Amino acid sequence: MPYYATNCPRGHVGKWLKFESTDIPIKPFFDEPTIDEPSEKALKKFQESIATFDGWRRWYEGRGYSFEVMGDEFNPMLLNSQERPYYRYWGPEIIYTFWAKHGPCQATGCGHVTPIMTNPVISVKDLTVKAWRNHVCENCKNSFDVEQKEVRMAPGVPLVTVETEGNYSFIDKEGYFYCPNCNYKMDGSELDVRDTVSKRVSLTLLVHPFWLKGANNLSENFGGTTTDSLEKTVAWNNERAKSLKLIEVRGNLPKVITCPDTGISFSTGQESGANKGRGKFVCASCGTEQQLSTSLSYTGKDAPISIYAYHCYCPDCDHNNQSYNGRYFTSDVNVEFINYALKEWEDRKYADLMEYWPESKIEFGHTTHQRDNLPNHGYTHWWKMFNQRQLLVLSQLLKSIKNNSASSVSKELLLGAFQQYLRNQNTFCIWNAQRDTPEPHFSNNNYYPKMNFVENSVFPILGRGNWTSSIEALVKGIEWRDNPFELLSVEYLEMLDPEIAKKIKSKSVKIKTNDPVSENVEITNGSSTDLAILDEQFDLIITDPPFGDNVQYAELADFFYVWLKKTLKDKYPEIYNAKISPKALEAVGNVARHPEDSNEFYKRILTECWKEGYRILKPGGILAFTFHHSEDEPWVAVLESLFDAGFYLEATYPIRSDESKGENAEFGSQKIEYDIIHVCRKRTNEPLSISWARLRRQMIRDISQLKDILNNHLQSGLTESDLQVIKRGKALEYFSKHYGKVYVEEGREFTVREALIGINQLLDDENDSSVEPLPVEAEVLTRQFLRIFTKTDSVQRNEMQNYLRGTGISSDEFENKMWCKELNRIFRMTSPLEFAKVWKDRMRKGVSYDLDQTLFLMGACFENSGINVKDVLSKPDFYLHPAVIPLLDWFIRNGGTSAIRAASIKAYQICVSWQERNQEKVTEQLVMFGMDEGV
């Protein structure tokens with residue numbers, strides 16, 4: 001792969017070796033005989049031995065390989081695919097290539113194309129250097145810092161030093177340094193290295209505004225898209241490379257900088273970027289803001305792309321201890337290397353590589369067409385998710401794997417590495433400036449098109465996600481299988497043994513389990529709704545169910561499927577003969593496949609999966625699964641299907657969550673970062689009927705008893721959020737054992753959704769002592785509503801949204817019950833008088849909720865209501881909800897207006913008086929609502 005070779009801005013040049021055979025390792029590897037695994041010291045010594053070209057070359061010589069060192073005039077681009085396997089490369093190479101999409105302006109008479117970047121910043125990095133602080137110049141007596149080496153992220157590009165950075169100099173490669181004030185030359189060898197201290201230097205790399213202007217007068221002579229001709233795209237690459245220039249800033253990035261080469265001043269913020277968010281860009285020529293998808297629809301193509309930076313690695317710089325560990329950014333790379341790759345792809349894509357890349361169209365799907373709408377961005381076929389060099393690399397790798405003489409097992413292992421590499425080598429990978437590394441496709445589970453992307457390389461010794469690291473990860477997996485270990489954090493170890501923890505310098509330590517993976521394992525591919533397994537065979541089932549419509553697994557898997565089928569369709573025709581992965585029985589909510597009721601389909605399929613688990617599990621067996629509680633709705637479906645299948649929840653345990661499952665996960669009103677392990681058993685007895693009021697009291701009692709035990713766990717590393725998860729699980733355990741038989745009043749079942757809301761409120765009440773608690777008898781929807789309208793009769797829409805976030809309740813539910821109404825972004829509580837007049841003829845048994853009755857009775861106590869409260873209470877078919885009197889008592893102190901508080905007092909007095917005279921009916925009411933304990 002010669003397309004990633006380059007030259008270092010510090011003058012280092014790569015070397016090529018031509019071997020007599022093709023059976024040569026790509027790079028040296030540790031092969032010295034050892035009794036056990038090689039020690040870290042031995043591995044470090046080996047790496048040092050091959051850190052220079054001479055050491056690298058000697059490794060091949062010492063193993064009997066015959067080769068020729070090619071001269072400086074050698075051009076690897078002239079090699080054909082048959083000659084290339086004889087060559088190996090050592091030297092500077094491109095690790096990552098940075099690309100930006102360009103928006104073609106559709107304004108009349110414009111036709112300009114603009115790179116769509118949010119701002120000019122490419123990367124931000126803090127580097128550390130040893131320095132002599134406040135050295136005094138022998139000539140002018142001014143003081144400045146002397147740094148042991150030049151600290152650069154992009155050596156060779158113009159450097160802007162911020163005024164607040166202070167005076168400094170550095171020792172050059174000749175061993176001298178110069179006073180920044182008078183330029184007096186001094187000898188670095190005279191400085192005592194023992195006087196140095198560590199100094200942090202902040203660096204920012206930016207694209208020059210010349211390049212951000214884009215290309216003027218775009219004509220049919222330019223290409224840059226996946227469907228343009230070779231000649232047009234070569235012309236486009238050459239044109240865009242002409243204006244490419246980078247600038248490095250040392251110090252805290254100011255709002256405006258001036259390029260020292262061109263004298264141009266420009267903003268470093270979003271003002272200089274054309275990307276305006278939500279798929280919009282501003283033309284750099286005429287200033288028209290437009291939607292990229294709309295703009296592309298006029299061209300019938302995807303967006304043209306162009307390189308704006310290269311991230312490279314130089315082994316000589318690394319060996320010489322240059323800053324940034326041998327890595328550097330540059331724009332000075334011969335664009336002809338890209339053009340050569342384009343030409344080779346055009347020559348080979350319908351020749352020897354024809355069977356090794358996916359030509360098929362992207363089938364209609366929820367994630368591909370409804371959520372992210374790939375065709376609107378020109379992604380009509382799978383191959384359009386890659387640039388031409390990526391297609392060339394990937395198809396060659398796939399061809400090599402398929403035609404390799406290795407065993408089928410080894411080939412499939414390599415395909416595992418290929419799948420991982422595929423995820424890191426496409427046009428959906430982005431640069432994480434904070435981590436200084438690329439982020440692979442599906443870091444978030446979607447196909448959201450990226451305006452800028454990072455292309456990976458193939459064989460470097462450094463970098464994330466390249467072919468080498470994908471293979472290394474595979475090898476590590478095999479090693480772990482044979483000799484597994486767990487990581488023990490030093491933070492936790494400090495609690496167990498502080499003395500041992502002090503001796504460990506890393507954040508964690510490997511603890512070998514001496515429990516290798518068994519070979520007695522059977523892996524099957526099929527639907528969990530129909531398992532070919534006899535009844536009651538297993539003691540334990542572990543699974544991780546889908547998250548409603550959150551992750552469309554099969555649609556995401558198609559990205560890999562269309563490549564893997566190229567090599568696997570003959571061996572596994574029952575799986576890989578279809579165009580895309582099978583989806584008919586996928587347990588997800590997918591509105592593209594089930595537009596009528598996708599959530600119901602999800603629940604139905606999931607229930608069938610749980611039922612199969614129930615069938616094959618032994619009577620005393622355990623079902624354990626994880627679920628990420630980012631919101632309650634999909635969890636409701638999971639729990640309902642689980643309980644419908646005959647399981648009950650025995651316990652829940654928090655674990656650190658997979659960050660890709662939701663960055664804004666919430667627990668009630670508290671942010672959480674956890675997956676929850678659910679431990680379930682088969683329900684063997686018919687559940688007993690119980691009211692929610694009675695069940696809630698049991699939960700409160702037992703959770704209170706747990707408090708002292710759980711508080712002790714705070715000392716062992718569990719957080720408050722951990723404890724909330726455990727408490728919530730304990731409460732759900734009670735509910736699940738009575739599932740289907742929990743009621744609010746006779747004839748009105750208490751649902752899983754209501755239970756989750758009620759449990760959230762129960763736990764929030766326990767933790768929040770800042771406000772007067774709501775009556776324990778109040779229903780869950782009432783409790784949430786009155787939390788919002790405590791001592792007020794109106795709230796702003798954003799306040800309402802904040803109150804309800806993470807609760808599983810929407811404001812529509814309040815409005816549907818006529819408790820409040822939104823007007824001009826303000827929610828106003830319905831006047832009790834207005835509510836009473838509407839409900840005057842509706843007060844019948846089983847119709848109204850607790851707050852319905854409370855508002856009605858309060859409204860009846862307003863002047864001129866025309867409603868006699870005593871007559872209502874005396875009706876034989878009216879059953880006063882046990883929460884009404886406590887709610888009226890609450891409103892006396894917390895009503896939003898003086899009229900509400902006054903009516904509450906009057907209604908409270910009438911109801912209490914009526915209760916005292918009608919004890920027999922009160923008892924009937926308590927029995928009806930399951931609140932007759934102690935009566």
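The shown structure was predicted, so the numbers you read here are calculated from the model rather than taken from an experiment.
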#### Entry: Aromatic ring pairing Tyr576/Tyr561, orientation class (parallel under 30°, perpendicular over 60°, tilted between)
parallel
Would you call the rings of Tyr614 and Phe647 parallel, tilted or perpendicular, taking 30° and 60° as the class edges? perpendicular
The complete set of salt bridge (Lys or Arg N to Asp or Glu O under 4.0 Å) pairs with one or both residues in residues 614-627, sequence neighbours excluded, reads Asp535-Arg615, Asp539-Lys618, Glu612-Arg615
Can we say Lys817 and Asp812 salt-bridge, meaning some charged N sits less than 4.0 Å from an Asp/Glu carboxylate O?
no
Sorted by chain and residue number, the side-chain contact (heavy atoms from CB on, under 4.5 Å) partners of His369 (sequence neighbours excluded) come out as Ile362, Phe364, Pro375
Sorted by chain and residue number, the side-chain contact (heavy atoms from CB on, under 4.5 Å) partners of Ser641 (sequence neighbours excluded) come out as Lys603, Leu606, Thr607, Trp610
Residues pairing under salt bridge (Lys or Arg N to Asp or Glu O under 4.0 Å) where one sits in residues 506-518, two or more places apart or in two chains, turn out to be none
Those residues at least two apart in sequence (or on a different chain) that pass salt bridge (Lys or Arg N to Asp or Glu O under 4.0 Å) with Glu799 are none
Q. Would you say the side chains of Arg593 and His366 form a donor-acceptor pair under 3.5 Å?
A. no
Applying salt bridge (Lys or Arg N to Asp or Glu O under 4.0 Å) to Glu608 and not counting sequence neighbours gives Lys611
Looking at Glu363 and Lys583, does any basic side-chain N land under 4.0 Å from a carboxylate oxygen?
no
Salt bridge check, Lys476 against Glu479: does any charged N sit closer than 4.0 Å to a carboxylate O?
no
Thr684 meets the side-chain contact (heavy atoms from CB on, under 4.5 Å) criterion, sequence neighbours left out, with none
By side chain to side chain donor-acceptor pair (under 3.5 Å), Asn426 pairs with (sequence neighbours left out) none
Sorted by chain and number, sequence neighbours left out, salt bridge (Lys or Arg N to Asp or Glu O under 4.0 Å) with Glu412 holds for Lys571
Taken in chain and number order and not counting sequence neighbours, the residues that satisfy salt bridge (Lys or Arg N to Asp or Glu O under 4.0 Å) with Lys565 are none
Residues at least two apart in sequence or cross-chain that pass side-chain contact (heavy atoms from CB on, under 4.5 Å) with Asn599, listed by chain then number, are Asp597
Return all side-chain donor-acceptor pairs below 3.5 angstrom for residues 523-533, not counting sequence neighbours, or 'none' if the list is empty.
| from | atom 1 | to | atom 2 | distance (Å) |
| --- | --- | --- | --- | --- |
| Ser527 | OG | Thr529 | N | 3.1 |
| Ser527 | OG | Thr529 | OG1 | 2.6 |

* **Salt bridge present between Glu439 and Arg423 (N-O < 4.0 angstrom)** => no
